[in-house]
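Just so you know, ligand 1 is whichever comes first in the structure, and atom 1 is the first atom listed for that ligand. No hydrogens, no waters, no symmetry mates; every other heavy atom, side chains included, goes into these values. By convention here, the first residue in the shown sequence is residue 1.
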Amino acid sequence: MLKSIILAAGKGTRMKSETPKVLHTIFEKTLVGYVIEAVNNTGFADENFVIVGHQAERVDEYIKNNYPNAKTVIQSPQLGTGHAVSMALPYIKEFDGEIIILCGDTPLITSETLKEFVEFHRNTKSDLTVMSAIFDNPTNYGRIIRSSEGKVSAIVEEKDATSEQKAVKEVNAGIYCLNWKKVMPAFSELKTNNAQGEYYLTDIIKWGNSNNLNVNAYTLKNNEEIFGINSKTHLAEASKLLNRRIIKKHLDNGVTIIDPETTWISPETEIAPDTVIYPSTYIEGKNKIGKFCKIGPFAHLRGGVVLEDYVKIGNFVEVKKTTIKSHTNACHLTYLGDSEIGSDVNIGAGTITANYNPLTKEKSKTVIGNNVKIGSNSVLVAPVTIDEGANVGALSVITKNIPAWALAITRSPLKVIEGWVKKHL
Ligand code: UD1
Ligand code: MG
């Protein structure tokens, strides 16, 4: 079995935020959440330890509520990455399996890469594998030092490196896989005799070599995966990178996305081929979109949205927790929330499902049958049902259920006074 240790005790000063760094989000999911899920999705891990320091209570509460197989461990004070890992020792003293170590602020790591990394570790019968990456500009990373035979002999931090070592472009990606029983003793032998006066996790490489362990490096294929977040600029960049990855997946699956640069699609959204997403569309949460739909421009799907085939969601339309059957259109300026909408329905411009009662703070449901036509600028005050085939006249406020095939209209009669304007000139 495999367990992970996720380092997340750093302060994240450069985020300039009251929120702990790893609780910042991309598409409503936290940075540490991405890392835990990447580990869990390998199918190898049964338990994750998240090392926390700064605002530990908040991170602990979040982890408890969201990830039942993760446990937070406090590191205070923070004396370095090696010290951080040793905080988990009391929980894994007897553990005889693999430990992978990662950072909580690298949300772009994928479970595919982690799987390949662990398989590499197993196939090479390694005791200690470090993930490396090749960077043209390796500044700030620890450098991977190899012997003349190409064996990994040590990791040297930038601050401790000679100019010759600084020229090395192969760096430590900060992800490790250890055969725990064999590497555990290293943690009681780490020293702080380095430029930063910290217990360096990276020193386990040298330790492994002096203790005749099989030490190897797996080289990361896509450097983007270890993009670490230290500032709001990094957070915005990582969001873009993740979004690009998602857009590419949909394009490869046959979805037409007119402008990948202004379209945002959350990781949990499924879209069938031949649907077209127009520019400036923002799709968050978990949604399922059928084929031949047209979404946007300027549409906002907020999660819990299920669209059957041939549905049109046009400009300035917001949809949340709503199921819409095939060939239904909501083309302009509309809010549809907590609704069930049939097929061949036309939702006129400016239609609002009034789903929220601000006094009771309750949300209620709107049910619209097949073939219903809702006139423009209508308000459907939930809970309300509009049965099959009914028509709602423009500018109506619907406060009770409308039976099938009826016309419902609340508009005051139109008055026309001939010649009125001329009389008032
Ligand atoms: C570390 C590596 C470096 C590697 C780089 C990859 C060491 C000594 N160096 O450097 O070789 O190239 O990561 O990104 O490990 N943390 C704690 N407790 C601590 C210190 C750090 O939990 O006491 C956490 C931080 O929150 C962060 C992670 O460990 O998530 C890495 O720490 P950081 O200070 O960013 O490491 P680097 O100096 O970048
Ligand atoms: Mg550091």
Side-chain angles (χ1 to χ4, degrees), residues 4-15 19-24 30-36 39 48-56 59-60 63 72-89 100-109 128 130-135 137-145 152-161 165-166 168-176 178 186-187 190-207 217-220 223-231 234-235 238:
S4 86
I5 298 177
I6 298 168
L7 308 185
K11 198 149 184 240
T13 317
R14 280 184 283 160
M15 296 302 278
T19 302
K21 178 161 88 174
V22 291
L23 294 191
H24 281 79
T30 61
L31 304 184
V32 70
Y34 280 100
V35 178
I36 296 174
V39 174
N48 304 288
F49 297 96
V50 183
I51 312 297
V52 296
H54 184 60
Q55 293 202 47
V59 185
D60 183 50
I63 300 273
T72 54
V73 180
I74 292 181
Q75 183 202 17
S76 177
Q78 285 114 45
L79 304 178
T81 47
H83 178 248
V85 171
S86 65
M87 296 297 105
L89 259 152
I100 58 169
I101 302 170
L102 313 92
C103 290
D105 59 2
T106 54
L108 300 181
I109 189 72
L128 202 175
V130 58
M131 192 181 288
S132 76
I134 314 289
F135 278 98
N137 175 9
T139 312
N140 291 330
Y141 284 99
R143 307 298 202 277
I144 303 279
I145 307 303
V152 179
S153 55
I155 296 174
V156 176
E157 290 306 290
E158 165 110 2
K159 288 185 176 137
D160 302 289
Q165 290 168 330
K166 277 186 189 152
V168 173
K169 290 185 178 350
E170 184 178 19
V171 305
N172 170 21
I175 299 177
Y176 314 77
L178 325 177
F187 290 89
L190 294 178
K191 304 262 171 353
T192 57
N193 53 348
N194 52 56
Q196 301 186 79
E198 290 179 359
Y199 294 99
Y200 283 172
L201 173 57
T202 44
D203 286 349
I204 62 174
I205 305 296
K206 215 173 190 173
W207 183 92
Y218 161 95
T219 308
L220 180 64
N223 288 351
E224 172 189 309
E225 293 196 30
I226 53 153
F227 186 89
I229 289 166
N230 294 308
S231 66
H234 290 157
L235 185 63

Donor-acceptor side-chain pairing of Asn172 and Tyr176 below 3.5 angstrom: yes
Can you tell me how far apart [atom1] ([X]) and [atom2] ([Y]) are? Round to the nearest 0.5 Å.
X	Y	atom1	atom2	answer
Ser132	Lys169	OG	NZ	14.5 Å
Lys21	Arg14	NZ	CZ	7.5 Å
Tyr34	Ile109	OH	CD1	14.5 Å

Contact (N/O only, under 3.5 Å) between [X] and ligand 1:
X	answer
Gly80	yes
Cys103	no
Ala173	no
Gly142	yes
Ile155	no
Asn172	yes
Gln75	yes

For the residue pair Ala8 and Val50, what are the closest heavy atoms and their distance? CB-CG1, 4.1 Å
Which bit of [X] gets closer than 4.0 Å to ligand 1, counting heavy atoms only: side chain, backbone, both or neither?
X	answer
Glu157	side chain
His83	neither
Val171	neither
Ala84	side chain

May I ask you to list the atoms of ligand 1 that are less than 4.0 angstrom from any heavy atom of Thr202?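 Every atom of ligand 1 under 4.0 Å from some heavy atom of Thr202: 7 (C), 8 (C), 9 (N), 11 (O), 15 (O).
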Need the ligand 1 atom indices (1-based, order shown) with element for anything under 4.0 Å from a heavy-atom of Thr81. 7 (C), 8 (C), 15 (O), 20 (C), 21 (C), 29 (O), 31 (C), 32 (O)
Partner set under side-chain contact (heavy atoms from CB on, under 4.5 Å) for Asn223, not counting sequence neighbours: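 Applying side-chain contact (heavy atoms from CB on, under 4.5 Å) to Asn223 gives Ala133, Phe135, Leu220.
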State whether the number of non-hydrogen atoms from other residues, nucleotides or ligands found under 6.0 Å of Tyr199 atom OH is greater than 12. no
Is there a donor-acceptor pair under 3.5 Å between the side chain of Asp105 and the backbone N or O of Gly228? no
Got a donor-acceptor contact below 3.5 angstrom from the Ser153 side chain to the Ile145 backbone? yes
Give a yes/no on ligand 1: does Gly228 have at least one heavy atom closer than 4.0 angstrom to it? no
